[in-house]
Amino acid sequence: MKLEFQRNQERYQFMKWGMGAFSSFGVVPPGFGIVHQVNLEHLARGVHKGPGKLYYPDSLVGTDSHTTMINGIGVVGWGVGGIEAEAAMLGQPVYFLTPDVVGFELTGKLREGVTATDLVLTVTEILRREKVVGPFVEFCGEGTRSLALPDRATIANMAPEYGATMGFFPVDEKTIDYFKGTGRTKGEIEAFEAYFRAQGMFGIPRAADIDYSQLISLDLASVAPSVAGPKRPQDRIELGHVKQAFTELFSAPAASNGFNHPADKLSPAVTTPSGLAIRNGDVLIAAITSCTNTSNPGVLLAAGLLAKKAVQAGLKVKKHVKTSLAPGSRVVTEYLEKAGLLPYLEKLGFAVAAYGCTTCIGNAGDLTAEINEAITTNDMVCAAVLSGNRNFEARIHPNLKANFLASPPLVVAYAIAGNMRVDLMTEPVGHGKGGKPIFLGDIWPASEEIHALMKYAMNGKAVRANYEKVKSEPGKLWKKIEGGKGDVYAWPASTYIARPPFFDKFTMRPPALVAGVKGARIMALFGDSITTDHISPAGSFKADTPAGLYLQAQGVKPIDFNSYGSRRGHHEVMMRGTFANVRIKNLMLPAKADGGREEGGYTLYQPGGEQLPIYDAAMRYQAAGVPTVIFAGEEYGTGSSRDWAAKGTQLLGIQAVVARSFERIHR
């Protein structure tokens, strides 16, 4: 926490100023949890009381794509760009077209051993295939009624991954139970239930009850344990096929989501100077992280129980694996402690690292220098396994090419196995006491074991007591932060927060519409599925990048760079980071000898064809008064960080992006 405050002090000063300048603006201090989980457990009211006897339903827009998590408790909400959110804060309405509503009917029940994570990866795969980009998705049917509220929130949170505006779950008895279990007051709960019953909106509908624009069905009994990867959340692989899939992808061409390596390079190990043997497929990061799963006590208790059984069997995590646990709120730590499971997670290396977005947005921290050297020198394909929601190229770590989304218990299992080429369905996870082979089935917890511990998680008094500390004792570090005074921010010198240039030539008269783009050069030619992580990376960056060189010129040392995500308040950093993803492929660049493509944010400057970083080329084009454009394939702009993916592109002087289709969240 001390390091967090040291690195982000300038951002926190800005927030403290905002608390004084805006009467309706409050802050949950750092260290309490991820905003979506805090919203689910504490902030959301479900129904609001206005003046007099007027009641109206809770709703919101948020500057993060995973605002949709709140759809799990029947609140209409979704992610928007910062500009829309700022307008809403200043009292402006948010307009949208009446959407198509896709019904998703769930039938049956999940089989023993299948988790909510397996379900959400299956739902993501199906809805991406159905191309629901833009509509609302509403879950209905008997199977939906059977889902616990945290399972619903897990599915709702992945709406950006399946492309919908939101994934909505109506209010029913399970919602009321969740409100009780998270410490909402008796009066709030009574008003919440009475309102939705009075409006005729209480209860999960049957598919036949509503005239949906489209209806999709899934039998929950058909869902199998799965992971998703290695580059996109919708690319689900059943657990028993992971070994074969990784082996095939290792040699498959990049156009088929593969890594384009000769098959004979798959198995040989590379030995580091300290004697560590690194192989292709090795799991180098294993992280229980992100609000998607850490808001779900079922899967976190499962991870703790699996860790307990693994430790008792004598299993250990492989030495090359970097492990971490980043709960979505302090509530998680409390119930893992009370259930007696945290010590076992800690013994396997899954100690609490933070309460916030960590590995899922590239904040895992670096690997050791010798491991990085082994990967880059030998062009190895190593992996991360995380309980997150996004695994886009270079998002987790710039040197890890294969990234797999998995449930928290599977994250622990893969940390013990140590390599993606271990078939967890047929081969031992590891060898325990006396060299005994231990299989996944030996340590996988039964649903009864998880249910028996749920009383520690759904404890209304404990949850309420935790969140009362937001105002009563926000922490000494937060109290020490001093924000500026006054209605207008003073913009002190900072490499984190700077006054953006968007209003430099602002007038009350709108500018004339541009008739078209003429005489432009192509800045980049991209293929399909260019994500906002490709356009505006969120993670770490190197000293020799345009952003790194800029910060060094301001006196910032590389060790203090932090991440692109933490410097979103500074346009000079963010525009230099636009299209700077180390895995992005500009098809203008010449093909390599092995048929693969050059990676990284470069372009060919015209005339002359000099290869330059896209930022440097953009500055040259702007100085010469030459407009630029980008061409791309389908699904341009999937992911998050959407605001800077748009703003950075504009600041580079790019006049148009011509693509076969655009993701809703980026539009």
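Note: hydrogens, waters and symmetry copies are ignored here, and every other heavy atom, side chains too, is used. Along the sequence shown, the residues carry numbers beginning at 1.
- In this structure, a donor-acceptor pair under 3.5 Å is absent between the side chains of S387 and N293.
- Taking the side-chain hydrogen bond (donor to acceptor under 3.5 Å, both in side chains) definition, one finds that D560 meets it with nothing, sequence neighbours left out.
- Note on residues 80-96: no pairs pass side-chain hydrogen bond (donor to acceptor under 3.5 Å, both in side chains), not counting sequence neighbours.
- Under the side-chain hydrogen bond (donor to acceptor under 3.5 Å, both in side chains) criterion, E598 pairs with no residue, sequence neighbours left out.
- Listed by first then second residue, pairs satisfying side-chain hydrogen bond (donor to acceptor under 3.5 Å, both in side chains) with a partner in residues 604-627 read R576-Y615, E610-R620, not counting sequence neighbours.
- When atom types are taken as modelled, the side chain of R330 and the backbone of G33 share no donor-acceptor pair closer than 3.5 angstrom.
- A search for salt bridge (charged side-chain N to carboxylate O under 4.0 Å, His left out) contacts involving E482 returns nothing, not counting sequence neighbours.
- Residues satisfying the side-chain hydrogen bond (donor to acceptor under 3.5 Å, both in side chains) test with T531, not counting sequence neighbours, are H534.
- Residue D528 holds its CG atom at 8.5 Å from CZ of R232, rounded to the nearest 0.5 Å.
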For a quick test of your reading: what N or O donor-acceptor pairs under 3.5 Å do the side chains of residues 543-552 make, sequence neighbours left out?
unit_1: T545; atom_1: OG1; unit_2: K542; atom_2: O; d: 2.7
unit_1: T545; atom_1: OG1; unit_2: G548; atom_2: N; d: 3.1
unit_1: Q552; atom_1: NE2; unit_2: A543; atom_2: O; d: 2.9
unit_1: Q552; atom_1: NE2; unit_2: G548; atom_2: O; d: 3.2

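- Sequence neighbours left out, the pairs with a member in residues 502-532 that pass ring pair (Phe, Tyr, Trp, His ring centres under 6.0 Å) are F503-F506, F526-F579.
- Annotation for I559: atom CD1 does not count as buried by contact number, only 12 or fewer foreign heavy atoms lying within 6.0 Å.
- Atom CD1 of I396 and atom OG1 of T359 lie 7.0 Å apart (nearest 0.5 Å).
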Name each donor-acceptor pair under 3.5 Å that joins a side chain in residues 466-477 to protein atoms two or more places apart or in another chain, with its distance.
unit_1: Y467; atom_1: OH; unit_2: E41; atom_2: OE1; d: 2.5
unit_1: S472; atom_1: OG; unit_2: E468; atom_2: O; d: 3.0

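- A cation-pi arrangement is not found for R660 relative to Y636, the charged atom failing to lie both closer than 6.0 Å to the ring centre and inside a 45° cone about the ring normal.
- Side chains of H36 and N157: a donor-acceptor N/O pair is absent below 3.5 angstrom, by distance only.
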Criterion side-chain hydrogen bond (donor to acceptor under 3.5 Å, both in side chains) on R390 and S65, from CA distance to verdict:
CA-CA 12 Å; R390 295 198 173 122; S65 49; 2.8 Å; yes
Pair up each side-chain donor or acceptor in residues 647-658 with any protein partner under 3.5 Å, not counting sequence neighbours, and list the distances.
unit_1: K647; atom_1: NZ; unit_2: D643; atom_2: OD2; d: 3.3
unit_1: T649; atom_1: OG1; unit_2: A645; atom_2: O; d: 2.6
unit_1: Q655; atom_1: NE2; unit_2: G653; atom_2: O; d: 3.2

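- Residues satisfying the side-chain hydrogen bond (donor to acceptor under 3.5 Å, both in side chains) test with N39, not counting sequence neighbours, are none.
- A salt bridge is absent between E599 and K401: the closest approach of a Lys/Arg side-chain nitrogen to an acidic carboxylate oxygen does not fall below 4.0 angstrom.
- Heavy-atom minimum distance, S563 versus F541: C-CE2, 3.8 Å.
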Considering only distance and modelled atom types, tabulate donor-acceptor pairs under 3.5 Å from the side chains of residues 488-499, sequence neighbours left out.
unit_1: S494; atom_1: OG; unit_2: E10; atom_2: OE1; d: 2.2
unit_1: S494; atom_1: OG; unit_2: Y496; atom_2: N; d: 2.9
unit_1: S494; atom_1: OG; unit_2: I497; atom_2: N; d: 3.0
unit_1: T495; atom_1: OG1; unit_2: R567; atom_2: NH1; d: 2.9
unit_1: Y496; atom_1: OH; unit_2: R7; atom_2: O; d: 2.9
unit_1: Y496; atom_1: OH; unit_2: N562; atom_2: ND2; d: 3.0
unit_1: R499; atom_1: NH1; unit_2: D504; atom_2: OD1; d: 3.3

